[in-house]
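Worksheet for the structure shown next.
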Amino acid sequence: MQVTLHQDKCVASGQCVLAAQDVFDQRDLDGVAVLLDERPPAELHDDVRQAAAVCPALAIALADA
Amino acid sequence: MNTPGNVVVVGASVAGLTAAVTLRTLGYDGRLTLIGDEPHTPYNRPPLSKQILAGTWEPDRIKLRTDEELSDLDARLLFGRSAIGLDTAARRVVLEGGDSVSYDALVIATGVTPNSLPGAHHLAGVHLLRTLDDALALRADLRHKPDVKVAVVGAGFLGSEAAVAARRMGLDVTMIDPRPVPMRRQFGDRIAGLVGRLHTKNGVSMRCGTGVRRFFESGGRVTGLELTDGTLLDADVVVVAIGAAPAIGWLAGSGLELGNGVECDPTCRAAPGVYAAGDVASWHNDHFGCRMRLEHRLNATEQAQAVARNVLGEGQPFAPVPYFWTDQYDAHIQAYGIFPSDAELAVLHGELEGGHFVVAYGHRGVVVGVLGWNSPCELRKLRQLVVDRAPWTSILPTPRAVWPGRHLSASLR
């Protein structure tokens, strides 16, 4: 799985961190999401899919890798 | 488990689309139909009152799915078609034009319809803001000549964000609301007062505590309005943002319980084989022990996911901690939970006058909400208080660690 995060779309909701805290974090300054792992291990894929699904800004894109 | 072989989803915005997508993600391989009354493919609404209105984004950027992804959904897509009736006995949805679509399981996700002001909407220059077409029409009107004077009627989320967008375009903006401060219903007096000051500081003329008495026109176009306090205002463009009502008119006579939305049980089920999700759904949220209907972006997603699971037989209550946000000038305001008008307030981080803070809302002895103002990371961490229904008294000493001796408690009434 290849994860792409579009920070210019992010609204700092933090939903991705709640869904997958090993893969996403938030910048202290403005809460914009930060991608910690572009190719997360298989056991985190369901969490990452949920993070992408609940992002209210559609800022997370997933592709097969 | 009794999996339906034929699921119909009515409503193709976030909730409807998410229900359809989630069914496929969960392995549902039966027939699937998605019906939406707008001609556009599904799009995201929050940017309509922000980037789309301000002109910084074009419509392509808010599509919820590409055409290819929609095709991969392997669903019958009926866009630009309105559902006008429901026969729950025969399990059929009636469409405008007379066609009907049968179902084994139905998901109702028809959202809300904006309230209008009597006697105003026949005039050019008077706008509602719900759909992409609404936003584009309003945007064009805001640009139709220099020095446009804008009146925004209603100071909730939508009206406030529309005022922000118009001010960003350099326009003269007046915001009118019968309540004493903007966003009072959402946040309570204390925080709403800060929002009011923010608008004033950014050049919006606030007319709170007054309503609209009548509109003036010339040649079929609005030219101004008279307020109930007698004030006369010039206006070239009027944005009417006075709330919305659940889109349930098409369900009259269906036998479903209709009140403030489609009334559902805690699993979002309205009748055998019938579920509701998103803005239109009223259900009992067991976490807070009360019935609610939310017009929040995240709720549309989460409730639709829960409904998809329940359509497939899971039967689990949907009991989320709600989340919403609004962007106004330099303030990014986010909130988790519920915000009753008689809640108590305590500052947990920062200070109210400092531009960065988190406040907790206490009701009946527990924390029911936390609201952050330019404090997204701190807010996310404090969300757990709402999840845990933390005793109100237990949080009052905690600010000492963050902010010695400065915690504050005030009634929001």
What are the two closest non-hydrogen atoms of A/G31 and B/C377, and how far apart are they? CA-SG, 4.2 Å

Answer with side chain, backbone, both or neither: which region of B/L64 has an atom nearer than 4.5 Å to a non-hydrogen atom of chain A? both

Could you tell me which of A/L29, A/L18, A/V32 has the largest number of non-hydrogen atom pairs under 4.5 Å with chain B? A/L18

Turns out that what part of A/V11 lies under 4.5 Å from chain B's heavy atoms comes down to both

Heavy-atom proximity to chain B below 4.5 Å, by part of A/A57: backbone

Between chain A and chain B, which N/O donor-acceptor pairs sit under 3.5 Å?
{"from": "A/D8", "atom 1": "OD2", "to": "B/R61", "atom 2": "NH2", "distance (Å)": "2.7"}
{"from": "A/V11", "atom 1": "O", "to": "B/H332", "atom 2": "NE2", "distance (Å)": "2.7"}
{"from": "A/A12", "atom 1": "O", "to": "B/Q334", "atom 2": "NE2", "distance (Å)": "2.5"}
{"from": "A/S13", "atom 1": "O", "to": "B/Y336", "atom 2": "OH", "distance (Å)": "3.2"}
{"from": "A/Q15", "atom 1": "NE2", "to": "B/Y336", "atom 2": "OH", "distance (Å)": "3.4"}
{"from": "A/Q26", "atom 1": "OE1", "to": "B/R380", "atom 2": "NE", "distance (Å)": "2.4"}
{"from": "A/Q26", "atom 1": "OE1", "to": "B/R380", "atom 2": "NH2", "distance (Å)": "3.2"}
{"from": "A/Q50", "atom 1": "OE1", "to": "B/Q305", "atom 2": "NE2", "distance (Å)": "3.1"}
{"from": "A/Q50", "atom 1": "NE2", "to": "B/Q305", "atom 2": "OE1", "distance (Å)": "3.1"}
{"from": "A/P56", "atom 1": "O", "to": "B/N44", "atom 2": "ND2", "distance (Å)": "2.9"}

